[in-house]
Amino acid sequence: MILEDKQLLYSLLEDNLLFIKEGNHKRTWEYYYEQYHKAFCALLEVAKQKKYKTNYKFMPFLFIMRHSLELYLKGQIANISNKAVPPSHNISDLYNMANINDGKFLESFACLQCDSDGACWRYLFDIDGNRYFDKGERIEAFDACNYYCLFLDNDNSLTKDGIDKMLQWELTFHIGECSYLGVLGTQYDSTIIDLLHAIKDKLLSINDVYVPMLFLIRHCLEIKFKAAIIELGDVVKKNDLKKIYNTHSVRLLCDMLSSYIDAAIELMDDSKLKKQSEDLRSVTKRYTNLITSLDANSFLFRFPKDRNGKNSNFVPKSNCISEILKLYWESDLFLCFAVPVLYEAGVLNIGNEDRKS
């Protein structure tokens with residue numbers, strides 16, 4: 001995050017624009033769908049400006065669109081009598097269960113990988129460490145965005161004046177531009193900042209989008225931990241590397257990173273840099289603990305129900321977003337630069353980076 005982003009955050013805090021109204025939260029599919037839908041529409045408005053600002057955040061952009069659809073379909077299934085909402089994330093299966101007879105639906109959303117679980121928009125690798133996409137692939141999302149607007153809002157704004165070639169290009173994404181976990185983390189950072197700007201400009205209220213905002217923040221923390229551990233190179237134990245691809249626990253990842261760098265911090269000769277490193281590590285651990293207390297395994301910020309179909313135990317407090325965003329900003333230096341700074345200080349050994357990242 002840059003200084004401008006920090007100033008944006010402080011401005012929002014000073015104007016009391018990040019406090020959630022308690023008592024409004026609903027643990028229903030419709031409520032979560034509306035939150036994610038509004039977040040996606042805000043991101044689509046940025047795309048409509050045609051300033052080439054979408055390609056560098058296409059992974060969270062496509063995830064939020066896909067997840068909105070998943071929540072919508074599960075809401076439709078929940079409204080059908082005697083039908084339990086399945087735990088599946090497969091859009092094709094959910095579409096068939098929702099009794100929506102629209103021949104264009106699955107065809108239009110083909111770029112979203114409807115027959116998968118959607119993890120390809122949150123991670124670069126599957127649980128076995130295999131890349132989801134080839135680096136040379138290109139994703140054309142204009143048709144999906146247009147159909148999304150037509151199907152859910154009867155909104156033809158993307159095509160009412162004909163096909164806009166510049167907008168088509170704005171919504172054409174290049175996989176090769178997101179080849180590393182650090183870049184993926186930055187994509188999620190950029191999406192958070194876009195939503196904060198929309199709140200600052202009174203296009204949205206935090207009450208409209210706090211659920212997807214919390215997901216984006218939490219996922220950004222998870223990705224940055226994983227990127228920092230992988231940056232250590234082949235000194236990372238094979239079992240730890242396997243855990244990176246399998247876990248969603250930010251506490252486990254925090255402990256794993258600490259196991260490699262805590263001793264290095266203690267070896268630092270520069271007392272000022274050592275104190276700064278210790279302080280930033282402390283903030284990062286507080287941040288990790290707070291996120292873990294709210295959503296330990298990347299589920300409650302995405303779904304209103306737990307894996308058993310019961311209401312989730314997440315209910316936000318009024319200062320939930322504001323406190324998390326402060327720690328999000330303060331911990332960023334440590335998450336992004338602890339490993340290279342310790343290496344440059346000569347106290348941390350890192351190996352070759354010839355493994356997947």
Side-chain angles (χ1 to χ4, degrees), residues 1-2 5 39-40 43 46-47 52-67 89 111-113 116-139 141 171-195 212-233 236 241 243-250 252-254 256-257 284 287-288 291 295 297-298 301-302 328-329 331-340 353 355-357:
M1 294 177 69
I2 59 176
D5 300 331
F40 178 70
L43 299 177
V46 175
Y52 206 59
K53 290 185 174 181
T54 312
N55 189 69
Y56 61 74
K57 55 177 177 288
F58 73 87
M59 293 283 278
F61 179 88
L62 291 173
F63 169 78
I64 296 229
M65 175 162 60
R66 191 189 192 282
H67 195 64
H89 308 302
C111 72
L112 297 180
Q113 306 290 318
S116 72
D117 64 0
C120 59
W121 308 120
R122 293 184 289 137
Y123 304 100
L124 301 182
F125 305 96
D126 64 20
I127 59 174
D128 297 316
N130 301 309
R131 275 194 180 273
Y132 283 112
F133 299 104
D134 293 330
K135 292 184 180 181
E137 285 189 56
R138 190 168 81 172
I139 298 168
L171 296 171
T172 299
F173 309 132
H174 307 276
I175 292 293
E177 295 184 19
C178 187
S179 297
Y180 300 95
L181 282 177
V183 177
L184 180 60
T186 300
Q187 288 211 0
Y188 274 83
D189 277 332
S190 298
T191 305
I192 293 165
I193 297 302
D194 275 355
L195 293 180
M213 179 73 81
L214 285 167
F215 161 75
L216 291 165
I217 294 168
R218 189 209 177 282
H219 194 64
C220 200
L221 175 61
E222 179 183 332
I223 292 299
K224 288 180 179 179
F225 269 133
K226 291 181 176 183
I229 296 166
I230 288 177
E231 193 173 12
L232 291 165
V236 177
L241 187 64
K243 288 177 185 177
I244 291 173
Y245 297 121
N246 282 271
T247 190
H248 303 300
S249 168
V250 291
L252 186 152
L253 292 166
C254 181
M256 191 186 299
L257 180 62
T284 302
Y287 179 30
T288 300
I291 290 289
D295 187 351
N297 288 295
S298 188
F301 295 156
R302 291 189 289 147
Y328 163 73
W329 166 261
S331 66
D332 199 57
L333 275 175
F334 185 82
L335 289 165
C336 295
F337 301 110
V339 170
E353 293 188 63
R355 54 175 52 180
K356 296 161 186 155
S357 59

Test side-chain contact (heavy atoms from CB on, under 4.5 Å) on V339 and L232; report intermediate values, then the result. CA-CA 7 Å; V339 170; L232 291 165; 4.0 Å; yes
Run the numbers on C178 and Y56 for side-chain contact (heavy atoms from CB on, under 4.5 Å), then give the verdict. CA-CA 8 Å; C178 187; Y56 61 74; over 6 Å; no
side-chain contact (heavy atoms from CB on, under 4.5 Å) between I291 and Y328: does it pass, once the steps are laid out? CA-CA 10 Å; I291 290 289; Y328 163 73; over 6 Å; no
Check the pair D295, R302 against salt bridge (Lys or Arg N to Asp or Glu O under 4.0 Å), reporting the backbone distance first and the verdict last. CA-CA 10 Å; D295 187 351; R302 291 189 289 147; over 6 Å; no
Working note: T284 + F225, criterion side-chain contact (heavy atoms from CB on, under 4.5 Å); need CA distance, chi angles, decisive distance, verdict. CA-CA 10 Å; T284 302; F225 269 133; 3.8 Å; yes
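Interatomic distance, OG of S298 versus NE2 of H219, reported as 6.5 Å (0.5 Å rounding). The OG1 atom of T172 lies 8.0 Å from the OH atom of Y52; values are rounded to the nearest 0.5 Å. Between the CG atom in L216 and the OH atom in Y188 there is a gap of 7.0 Å [rounded to 0.5 Å]. Atom CG of L241 and atom CD1 of I230 lie 6.0 Å apart (nearest 0.5 Å). For the atom pair CZ (F173) and CD (Q187), the distance works out to 9.5 Å, reported to the nearest 0.5 Å. Summarising the geometry, atom CG belonging to L221 is positioned 8.5 Å from atom CG belonging to L253; distances are rounded to the nearest 0.5 Å.
Taking T54 as the reference, E170 meet the side-chain hydrogen bond (donor to acceptor under 3.5 Å, both in side chains) condition, with sequence neighbours excluded. Considering only residues two or more places apart in sequence or on other chains, D194 meets the salt bridge (Lys or Arg N to Asp or Glu O under 4.0 Å) condition with K57.
With respect to F133, the ring pair (Phe, Tyr, Trp, His ring centres under 6.0 Å) criterion is satisfied by exactly one of F58, Y123, W121: W121.
Judged by distance alone, with hydrogens and angles left aside, the side-chain atoms of D5 form no donor-acceptor pair with the main-chain N or O of I193 at under 3.5 Å. Side-chain atoms of D126 come within 3.5 Å of backbone atoms of D128 as a donor-acceptor pair (strictly under, hydrogens ignored). Judged purely by atom type and a 3.5 angstrom limit, D117 uses its side chain to pair as donor or acceptor with the backbone of A119.
Residues H89 and R66 share a closest heavy-atom pair of O-NH1, 3.1 Å. Between R122 and I223, the closest heavy-atom pair is O-CD1, 3.6 Å.
Side-chain contact check for T191 versus M59: every heavy-atom pair is 4.5 Å or farther apart.
Residue-environment remark: CZ (F337) stays at or below the threshold of 12 foreign heavy atoms within 6.0 Å.
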